[in-house]
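These figures come from a predicted structure and were not determined experimentally. Each chain gets a letter, A, B and so on, in the order its sequence line appears, and its residues count up from 1.
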There are 2 protein chains.
Amino acid sequence: MSQSADGIARWRRVADEIREMIGGGLEKLPVETELAARFGVNRHTVRRALAALAAEGLVRSERGRGTFVERLPERLVYPVGARTRFTENVSRLARQPAGRLIAATREAADGQLARELSLRPGAPLHRLETLHVADAIPLSVGTAWFPAERFPNIVAAYAETGSVTKALAAHGVDDYRRHQTRIGAERVGRADAAHLACPADGIVLVTESANYDPKDVPIQFSRSRFLADRVELLIDS
Amino acid sequence: MSQSADGIARWRRVADEIREMIGGGLEKLPVETELAARFGVNRHTVRRALAALAAEGLVRSERGRGTFVERLPERLVYPVGARTRFTENVSRLARQPAGRLIAATREAADGQLARELSLRPGAPLHRLETLHVADAIPLSVGTAWFPAERFPNIVAAYAETGSVTKALAAHGVDDYRRHQTRIGAERVGRADAAHLACPADGIVLVTESANYDPKDVPIQFSRSRFLADRVELLIDS
DNA sequence: TTAGTCTACTTGATTAGACAACTAGATCTG
DNA sequence: CAGATCTAGTTGTCTAATCAAGTAGACTAA
């Protein structure tokens, strides 16, 4: 707040002015030195303002090219319910869905996973990291754990079909449902940001839920991270 | 990435080192000048690192006092469903709930609000800004719109009772429910951050939904912002 | 004792300057 | 003409220095 008549930091007012410029509909901002001259402040003060605007998702700076206004496309509405299926959800919106396997490992169930999947701690699991894309735009990354004994070939089945539903069907599970879903939000992790092709300071909606077969035996626990800029969740009651 | 042997920015490595220090369990970080001396960099480089850590929610700087490690308390689980009621949700958890009126204005329905509330555009609405607190910890701020003609005294009723349910009961609405809830996430706004007593770069879960009376007439549209650090939403299917 | 004041310390803001790393287009070269 | 090279322009990083503003404790005066 210092060095300023009315006690409001200069960079905040610079940010406000740039925000107004953005409203005018321009696509590329003037370069930092130009902005600094125009507002009569140091280039660093402009950079502080731009950092704030970038954190709001309004602008994006690219080294050597310039600073560009971010025009957010409309967010895709993703229904969450007992029968949430990524492929169905996305194709209903006339978009082209795709699931891609990023990585697969075998691991032992820790306390939480054992509880969620009704297994003993230490039970073998397949862990799949997957990326979900609609119209070539990454929407989410997910981690899914399956009991390895019941679903020995889940990794290959998913890699082949790109669909959890089909991979489970290959193991004789025709239908499944979820009872509860927990939803949180946090800053995107570094690895997820790379897969989602989003800024490092992006925000993800995190859903955690278990899927159950028709006999109410848990068959999968998953933790999905949806990029909040691109997706909004819809709860039907 | 400049001025550095291996192409990784100094402030990133400083941030990593501080992150490790935090893991050690200390509560207050050394002062910026001390950190700068210890890592052999300028104080501004330390500040750049601290800004990154603050954005991750790991530390919080207070002018004149120092920089402190943030220990996140467990998040409160907030069920979202057809009969979501803040007071019930919170008191079920043996916490002390409280709703406080921040502001109330009269405004005309815009296109979206008119559609959500089945009113003509321009219809008069009461708009209430409310703050929701559990055990003196702010959890969420909400904006609620009510048709002014049907609920003329909603502002006074809410101010008195601190509860939407009771305020509606005073207007003869015994029960209400919601059909859908949309959930998104974004950076907290400046005014909200002040009310929620959270860092300016906090993240909020945003829920939007309409409530309907037993005859399925919409009586309220609301947009709540839950601080993601303190709350997690639970969907029951 | 109490209330006010002073002071050292700490983070916040701003300016100045320098160089690194990257981009895109112009220019040169075979 | 194709490809390599150069160059001006742009953002990223880092150092240095200074003052503002808030905090907390010590000190002082009533």
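- For Ser209(B), the side-chain contact (heavy atoms from CB on, under 4.5 Å) partners are Arg178(B), Thr181(B), Ser222(B), not counting sequence neighbours.
- No salt bridge links Arg187(B) with Glu56(A); every basic N to acidic carboxylate O contact stays at or beyond 4.0 Å.
- Between Phe226(B) and Tyr78(B), the ring planes lie tilted relative to each other; the angle falls in the 30° to 60° range.
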So which protein N/O to nucleotides 6-8 of chain D N/O distances come out below 3.5 Å?
none

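- Applying the ring-ring contact (aromatic ring centres under 6.0 Å, His included) test to Phe39(B) and every residue at least two apart in sequence or in another chain returns nothing.
- Checked for salt-bridge contact, Glu70(B) and Lys28(B) miss the test: no charged N lies under 4.0 Å from a carboxylate O.
- Taking 4.0 Å as the cut-off between side-chain N and carboxylate O, Glu34(A) and Arg38(A) count as a salt-bridged pair.
- Between the CZ atom of Arg12(A) and the C1' atom of dA20(D) there is a distance of 15 Å, given to the nearest Å.
- Atoms CG (Leu29(A)) and C1' (dT11(D)) sit 13 Å apart, rounded to a whole Å.
- At whole-Å resolution of the value, NZ in Lys28(A) and P in dT10(D) are 6 Å apart.
- In this structure, the side chain of Arg230(A) engages the main chain of Pro138(A) through a donor-acceptor pair within 3.5 Å.
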Dump every N/O contact between nucleotides 23-27 of chain D and the protein below 3.5 Å, one line per pair.
from	atom 1	to	atom 2	distance (Å)
dT23(D)	O4'	Gly64(B)	O	3.3
dA24(D)	OP1	Arg65(B)	NE	3.3
dA24(D)	OP1	Arg65(B)	NH1	2.4

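- Contact record, His132(A) with Thr130(A): CE1-OG1, 3.2 Å, taken as the closest heavy-atom pair.
- The closest donor-acceptor contact from the side chain of Asn153(B) to the backbone of Ala156(B) lies at 3.5 Å or more, if one exists at all.
- Taking only side-chain nitrogens and oxygens, Thr67(A) comes nearer than 4.0 Å to OP1 or OP2 of dT11(D).
- Computed from coordinates, the Leu50(A) CG to dA13(C) P distance equals 16 Å when rounded to whole Å.
- Rounded to whole angstrom, the span from the CZ atom of Arg13(B) across to the P atom of dT13(D) amounts to 13 Å.
- Between the CD1 atom of Ile8(A) and the P atom of dA20(D) there is a distance of 18 Å, rounded to whole Å.
- Counting only residues at least two apart or in different chains, side chain to side chain donor-acceptor pair (under 3.5 Å) contacts with residues 188-199 of chain B comprise Asp192(B)-Arg225(B).
- Judged purely by atom type and a 3.5 angstrom limit, Thr45(B) has no side-chain atom pairing as donor or acceptor with the backbone of Val41(B).
- Listed in residue order, the members of residues 31-48 of chain A having a heavy atom less than 4.0 Å from DNA chain D are Val31(A), Glu32(A), Arg43(A), His44(A), Arg47(A).
- Rounded to whole Å, the distance from CZ on Arg10(B) to P on dA16(D) is 10 Å.
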